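Given the structure is predicted, the values throughout are model-derived calculations rather than measurements. Atoms within a ligand are numbered from 1 in the order they appear, just like the ligands themselves.
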Amino acid sequence: MSSNSSQPRVQVQPCRYKTGKTLGQGSYSVVKECVHIDTGRYYAAKVINKSLMAGREHMVRNEIAVLKRVSMGHQNVLTLVDYFETVNNLYLVTDLALGGELFDRICRKGSYYESDAVELIRSTLSAVAYLHENGIVHRDLKPENLLFRTPDENSDLLIADFGLSRIVDEEKFHALTTTCGTPGYMAPEIFKKTGHGKPVDIWAIGVITYFLLCGYTPFDRDSHVDEMQAILRADYKFEPATYWADVSREARDFINKCLTIAPEKRMTAVEALAHPFLSSETKHSHDLLPNVRKNFNAKRTLHAAIDTIRAINKLKEGGVMNGALSIAPEDQREPTAEDENANNDGLWRRPTGGRMRVE
Ligand code: ADP
Ligand code: MG
């Protein structure tokens with residue numbers, strides 16, 4: 001190709017991977033199992049439709065840059081194996097996390113103690129400390145982005161989804177004001193537009209810890225406005241008392257020190273790792289699973305019902321619906337052939353962002 005050509009260079013290479021079943025769905029992507037044709041090795045391919053990315057290409061470039069820089073360096077961070085694009089899609093090939101999402105796995109367990117939550121938070125925090133040391137803020141830590149590498153009992157937990165991470169320019173991070181992330185896990189300074197630095201990840205760890213101990217999030221309210229106001233005031237309680245009676249004082253203190261409004265007073269990742277909640281060898285004898293599972297499933301059912309109502313309303317708005325048409329809640333629905341097709345050229349998306357409430 002001549003160097004003065006005005007056309008952008010397009011390198012066409014035969015695809016070395018065959019994609020299989022859908023593993024998960026994010027806001028801008030579909031994640032599929034894939035196998036490398038030559039080696040027979042299995043990976044996960046995050047397929048991002050270019051037309052959906054219009055104007056947001058920087059998010060993908062950012063995710064690639066971040067993963068390239070950090071993915072080999074920590075056992076709790078997902079490894080980027082390959083990256084390529086086709087006419088319609090971008091593909092990020094990563095290690096396959098066969099153990100599923102954090103909370104689904106907990107719900108399938110036979111029992112679940114505070115010490116299990118401690119282990120999970122310790123792994124997550126140690127990866128967060130590693131990211132922070134490397135000048136990276138994840139900014140979208142939440143249970144859906146924490147995946148187990150294998151189904152084994154002692155599997156590594158991996159931080160995935162670096163779509164919103166930013167490599168921090170220490171000088172400039174205070175000036176960053178783009179709103180991002182899932183409201184329930186977002187720190188007050190994000191709403192106040194006063195900062196986006198490393199402390200936002202520690203806030204999210206506080207919310208995740210709370211959630212891991214009771215099955216619901218601390219700022220869950222009836223609307224986003226109420227939720228945001230609760231976050232700005234750090235208005236949360238360890239209530240109802242029945243769900244918190246058997247949770248240790250150290251756990252509550254740890255949560256309080258993560259959910260501190262002023263980012264500069266919040267614990268750092270290194271301080272959090274040294275907190276007695278994570279360092280003590282206390283044995284907890286109370287099985288938290290029955291309550292955690294009950295609360296989590298109650299929310300999930302409610303959200304699925306809300307998703308269904310929204311989907312029906314959307315169809316009605318579009319005039320697509322005439323007569324009786326029943327729609328299964330998104331969370332319980334099997335992907336159809338139609339979804340599969342849509343994934344190939346026009347990415348299929350849930351009407352709402354998964355389990356997140358969208359007003
Ligand atoms: P998004 O940026 O669109 O949120 P994610 O990277 O979070 O995309 O992926 C969406 C979902 O796909 C995850 O919540 C998870 O269930 C699944 N997933 C993502 N990466 C992998 C992986 N490497 N192995 C298995 N499942 C994955
Ligand atoms: Mg995600």
Side-chain angles (χ1 to χ4, degrees), residues 17 19-36 41-53 56-67 70-72 74-83 89-108 124 127 138-152 155-166 180-186 201 204 207-208 211 300 303 330-335 339 342-343 347-356 358:
Y17 299 86
T19 56
K21 68 170 193 242
T22 300
L23 295 165
Q25 217 115 32
S27 347
Y28 303 108
S29 65
V30 172
V31 178
K32 292 185 169 243
E33 196 175 78
C34 70
V35 58
H36 192 270
R41 289 190 65 152
Y42 281 83
Y43 298 100
K46 184 160 168 173
V47 188
I48 305 162
N49 184 278
K50 286 183 185 172
S51 62
L52 277 181
M53 289 311 293
R56 300 189 201 88
E57 290 85 352
H58 63 281
M59 287 174 69
V60 187
R61 274 190 218 110
N62 186 65
E63 179 158 9
I64 297 161
V66 172
L67 273 173
V70 297
S71 71
M72 302 303 239
H74 197 280
Q75 72 175 34
N76 301 108
V77 173
L78 193 68
T79 301
L80 181 71
V81 173
D82 204 352
Y83 164 75
N89 296 321
L90 303 168
Y91 292 81
L92 267 76
V93 181
T94 63
D95 273 351
L96 188 56
L98 283 171
E101 289 178 22
L102 173 62
F103 224 72
D104 295 326
R105 162 87 161 253
I106 291 173
C107 287
R108 284 199 303 269
T124 310
H138 187 284
R139 304 210 310 197
D140 197 22
L141 291 174
K142 56 183 172 183
E144 298 93 307
N145 290 335
L146 300 174
L147 309 172
F148 285 99
R149 195 188 291 278
T150 69
D152 303 343
S155 156
D156 289 337
L157 186 63
L158 300 170
I159 296 192
D161 194 357
F162 285 81
L164 291 176
S165 309
R166 288 286 177 279
C180 64
T182 304
Y185 296 83
M186 272 162 66
D201 286 342
V207 179
I208 294 170
F211 181 67
R300 176 140 67 176
H303 285 190
E330 293 300 321
D331 275 344
Q332 291 156 24
R333 202 184 65 142
E334 286 296 315
D339 298 336
N343 286 344
L347 194 66
W348 180 81
R349 294 175 69 189
R350 289 176 170 180
T352 69
R355 245 166 253 148
M356 190 180 111
V358 179

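Closest approach of Ala204 and Leu141 over heavy atoms only: CB-O, 3.7 Å.
Of the possible polar contacts, one joining the Thr79 side chain to the Ser71 backbone as a donor-acceptor pair under 3.5 Å is found.
Proximity of Val31 to ligand 1, defined as any heavy-atom pair under 4.0 Å, is confined to the side chain (atoms from C-beta onward). At a heavy-atom distance under 4.0 Å, no atom of Leu98 approaches ligand 1.
For the atom pair OG1 of Thr94 and CG of Leu147, the computed distance is 8.5 Å after rounding to the nearest 0.5 Å. With values rounded to the nearest 0.5 angstrom, Phe162 atom CZ is found 10.5 Å from Asn62 atom CG.
Using a 4.0 Å cut-off to heavy atoms of Leu147, the atoms of ligand 1 that qualify are 15 (C), 18 (N), 19 (C), 20 (N), 21 (C), 22 (C), 27 (C). Atom numbering of ligand 1 starts at 1 in the shown order; those under 4.0 Å from a heavy atom of Lys46 are 1 (P), 2 (O), 5 (P), 6 (O), 8 (O). Listed by atom number, the atoms of ligand 1 under 4.0 Å from Thr94 heavy atoms are 23 (N).
Among Glu101, Glu33, Gln25, the residue whose heavy atom lies closest to atom 16 (O) of ligand 1 is Glu101. Of the candidates Ala44, Gly100, Ala45, Gly99, the one placing a heavy atom closest to atom 22 (C) of ligand 1 is Ala44. Closest heavy-atom approach to atom 3 (O) of ligand 1 among the candidates Ser29, Gly24, Ala97: Ser29.
Looking only at its N/O/S atoms, Asp161 has OD2 as the one nearest to the Mg ion (ligand 2).
Remark: Tyr17 engages His36, Phe84 in a ring-ring contact (aromatic ring centres under 6.0 Å, His included) (not counting sequence neighbours).
Under the 4.5 Å side-chain criterion, counting only non-hydrogen atoms from C-beta, Val66 is not in contact with Glu63.
With Lys46 as reference, Asp161 is the one residue of Asp95, Asp161, Asp82 to meet the salt bridge (Lys or Arg N to Asp or Glu O under 4.0 Å) rule.
Ligand 1 has an N or O atom lying under 3.5 Å from an N or O atom of Asn145, backbone or side chain.
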